[in-house]
A.B. asks: 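Structure incoming, see below.
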Amino acid sequence: METSAKKVLVKTYGCQMNVYDSARMGEVLAPLGYAATAAPEEADLIILNTCHIREKAAEKVYSELGKLRRLKDERKSQGGELLIAVAGCVAQAEGEEIVRRAKAVDLVFGPQTYHRLPALLARRAETGATVVEADFPAEEKFESLGRGTGPVRGVTAFLTIQEGCDKFCTFCVVPYTRGAEFSRPPAQIEAEARRLAGQGVRELTLLGQNVNAWHGDGGMGLAGLVARLSSIPGIERLRYMTSHPRDMDGALIEAHAENPKLMPFLHLPVQSGSDRVLKAMNRDHTTTDYLKLIARIRAARPDMALSGDFIVGFPGETDADFRDTLAVVEEVGYASAFSFKYSPRPGTPAAERKVQVPEEVKLARLLELQALIARQQSDFNRACVGKSLPVLVEKPGRRPGQLSGRSPYLQAVHLDGPEGLIGRVVETQIDGVGTNSLSGHYRTAA
Ligand code: SAH
Ligand code: SF4
Ligand code: F3S
């Protein structure tokens, strides 16, 4: 039977910050009578929450919009209406251009304006014209969202604490799509964390494009915030990402040595192992600075698992520069890492450079780097066999009787046990390793 309630489908691309935003969009729409759906055929509103970081990511949106246009036309021929919205970083970067390229779009709004969705939908209904909203009211957004986080399911949750970026790496669109660096006030973050803990969340991942640049009043840094959040009853584990090497201060490193709730996993991208390339990227640190920092972190927390991001084929990158990147990877030894071919982005300084690296060279370098990273990841996982690790049990596994959770180092762990263990940290004897996960059996439940 037909119900009068409306349905919304939010499709998420890009990083965890978009995952967080998509969930908040659902909450903003709930009071208007929108329930979530996963089926496009029954949606009254489809929102694409998009990513602009590389060309491929942005182009995906246009091919999806082509498909949605057909769905919209079909709906119209049946006397119904399907609204299509483009949100996120492509919306911010391209604005009106989206409306020119994809006529079926009804709403375009950037990452800092989705709290205004009720007003944007009303404007659309009143005028019948495409609505394009592209301000950066980050503070207003968080104040508005701060009034309530909807129900969550699961024992882990993302919590955005910082947005935007002032670093302007020469390859990157983020400062243009997310705006200037903004730190949410600690009281607002703590209130959200307490609500999440009250709903059964045991692990929080604090998010930000430069999460370790977060600061509160009176010189409070991320270490202070972590201390405050780890005293919340129910919160057993804290993580944060993504960090910039320049913002990794002594207090935060010390927190890793002293706070058992702060997990020993750090995503700390270096992008390249060549000082020449780092300079051209405007990263504002050298390879030596990075390696020294890693040494300090490992002195504080010897079992720290490291992760990173790498770009190959940045304009002007020579084979020798690329060898320097491989050498840094060899020296650090990553538990996991992401690597990408450089993708020229409109409006960024690096895209203007004449010395672009040919596609086939980029691909060859990427494959070589990825093979090295895969080897390191597999070594890291294999070294866990025979150890006992505390695993936060998150959900039932694929087989009956199986559970799935995560190690402190963010590895997926499969173990046998009763569902009553979900939400608890259990000491697990690791006895097997798959391509992307560990397996084991639990010894004791904490
Ligand atoms: N704020 C984070 C990264 C945000 S973007 C940081 O500073 O580390 C995530 C990753 O995408 C980056 O670390 C980088 O490796 C990659 N990336 C960003 N722009 C890119 C581009 N133009 N081409 C290829 N990869 C890119
Ligand atoms: Fe982009 Fe650099 Fe800012 Fe990271 S620090 S978001 S890579 S500009
Ligand atoms: Fe993409 Fe925007 Fe995140 S460009 S990576 S969705 S900040």
Side-chain angles (χ1 to χ4, degrees), residues 10-22 48-61 86-94 110-112 114 136 138 158 160 162-182 207-214 240-248 266-273 277-278 280-285 290 306-315 317 325 329 334 337-353 356-357 359 362-363 365-366 369-370 373:
V10 186
K11 193 165 174 184
T12 311
Y13 303 82
C15 64
Q16 285 92 343
M17 308 210 42
N18 267 8
V19 175
Y20 177 88
D21 290 340
S22 290
L48 304 181
N49 193 12
T50 63
C51 174
H52 200 247
I53 202 81
R54 286 168 288 276
E55 191 182 355
K56 247 200 203 146
E59 284 307 312
K60 263 191 212 154
V61 177
V86 178
C89 290
V90 176
Q92 192 67 48
E94 300 191 2
Q112 312 296 9
Y114 59 81
F136 288 107
F158 292 138
T160 295
Q162 182 277 337
E163 277 231 37
C165 181
D166 295 338
K167 298 223 164 38
F168 292 93
C169 300
T170 55
F171 52 82
C172 184
V173 293
V174 171
Y176 312 98
T177 64
R178 294 269 169 175
E181 220 175 272
F182 173 78
L207 299 180
Q209 272 91 18
N210 276 277
V211 73
N212 58 344
W214 182 90
Y240 57 94
M241 71 189 305
T242 293
S243 297
H244 193 289
R246 299 256 328 159
D247 297 317
M248 202 70 212
L266 184 62
H267 185 69
L268 193 67
V270 66
Q271 313 294 354
S272 166
V277 173
L278 286 174
M281 286 178 163
N282 191 32
R283 291 290 290 185
D284 219 15
H285 63 75
Y290 181 76
L306 287 154
S307 166
D309 295 342
F310 295 90
I311 294 178
V312 299
F314 183 81
E317 184 189 72
T325 298
V329 175
Y334 289 91
F338 300 100
S339 46
F340 312 99
K341 286 186 285 181
Y342 168 72
S343 171
R345 307 307 292 130
T348 59
E352 309 296 321
R353 299 263 305 269
Q356 298 291 331
V357 174
E359 191 55 31
K362 285 188 204 174
L363 181 61
R365 288 179 188 167
L366 184 70
L369 176 58
Q370 287 185 339
I373 292 168

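Remember, it's 1-based here, ligands and their atoms both numbered in the order they're listed.
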A.B. asks: Measuring only between side-chain heavy atoms, which start at C-beta, is Lys167 closer than 4.5 Å to Glu181?
C.D. replies: yes
A.B. asks: Run the numbers for me: atoms of ligand 2, each under 4.0 Å from some heavy atom of Asn210, listed by number.
C.D. replies: 3 (Fe), 5 (S)
A.B. asks: Are Tyr176 and Phe168 close enough that their ring centres sit under 6.0 Å apart?
C.D. replies: yes
A.B. asks: Which heavy atom of Asp166 sits nearest a heavy atom of Ala180, and at what distance?
C.D. replies: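 Closest heavy-atom pair between Asp166 and Ala180: OD1-CA, 3.4 Å.
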A.B. asks: List, pair by pair, the atoms of ligand 1 and of the protein that are both N or O and lie under 3.5 Å apart, giving the separation rounded to 0.1 Å.
C.D. replies:
residue: ligand 1; atom: 1 (N); partner: Gln209; partner atom: O; Å: 2.6
residue: ligand 1; atom: 7 (O); partner: Arg283; partner atom: NH1; Å: 3.4
residue: ligand 1; atom: 11 (O); partner: Arg54; partner atom: NH1; Å: 3.1
residue: ligand 1; atom: 13 (O); partner: Gln271; partner atom: NE2; Å: 2.8
residue: ligand 1; atom: 13 (O); partner: Asp309; partner atom: OD2; Å: 2.6
residue: ligand 1; atom: 15 (O); partner: Gln271; partner atom: OE1; Å: 2.7
residue: ligand 1; atom: 17 (N); partner: Arg54; partner atom: NH1; Å: 3.4
residue: ligand 1; atom: 22 (N); partner: Phe171; partner atom: O; Å: 3.0
residue: ligand 1; atom: 22 (N); partner: Ser343; partner atom: O; Å: 2.8
residue: ligand 1; atom: 23 (N); partner: Ser343; partner atom: N; Å: 3.0
residue: ligand 1; atom: 25 (N); partner: Arg54; partner atom: NH1; Å: 3.3

A.B. asks: When the ring centroid of Phe171 is compared with that of Phe340, is the distance short of 6.0 Å?
C.D. replies: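 No, ring centres 6.0 Å or more apart.
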A.B. asks: Can you name the closest pair of heavy atoms from Leu266 and Met248 and give their distance?
C.D. replies: CD2-CE, 3.9 Å
A.B. asks: Could you tell me if Glu55 and Ser343 have a donor-acceptor pair between their side chains, going purely by distance under 3.5 Å?
C.D. replies: no
A.B. asks: Leaving out waters, which are not shown anyway, how many protein N, O or S atoms lie closer than 2.8 Å to atom 1 (Fe) of ligand 2?
C.D. replies: 1
A.B. asks: Please identify which atoms of ligand 2 are closer than 4.0 Å to at least one heavy atom of Arg283.
C.D. replies: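 Result: 2 (Fe), 7 (S).
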A.B. asks: Which of the numbered atoms in ligand 2 are under 4.0 angstrom from any heavy atom belonging to His244?
C.D. replies: 5 (S)
A.B. asks: For ligand 3, would you mind listing the residues that have at least one heavy atom less than 4.0 Å away, ordered by chain and number?
C.D. replies: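 Ligand 3 pocket, heavy atoms under 4.0 Å: Cys15, Asn18, Thr50, Cys51, His52, Ile53, Cys89, Arg178, Gln209.
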A.B. asks: Should Arg178 be listed as contacting ligand 2, given a heavy-atom distance under 4.0 Å as the test?
C.D. replies: no
A.B. asks: Just jot down the side chain to side chain donor-acceptor pair (under 3.5 Å) partners of Lys362, sequence neighbours excluded, or say none.
C.D. replies: none
A.B. asks: Do Cys165 and Pro175 touch side chain to side chain, with heavy atoms closer than 4.5 Å?
C.D. replies: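 Heavy-atom side-chain distance check passes, below 4.5 Å.
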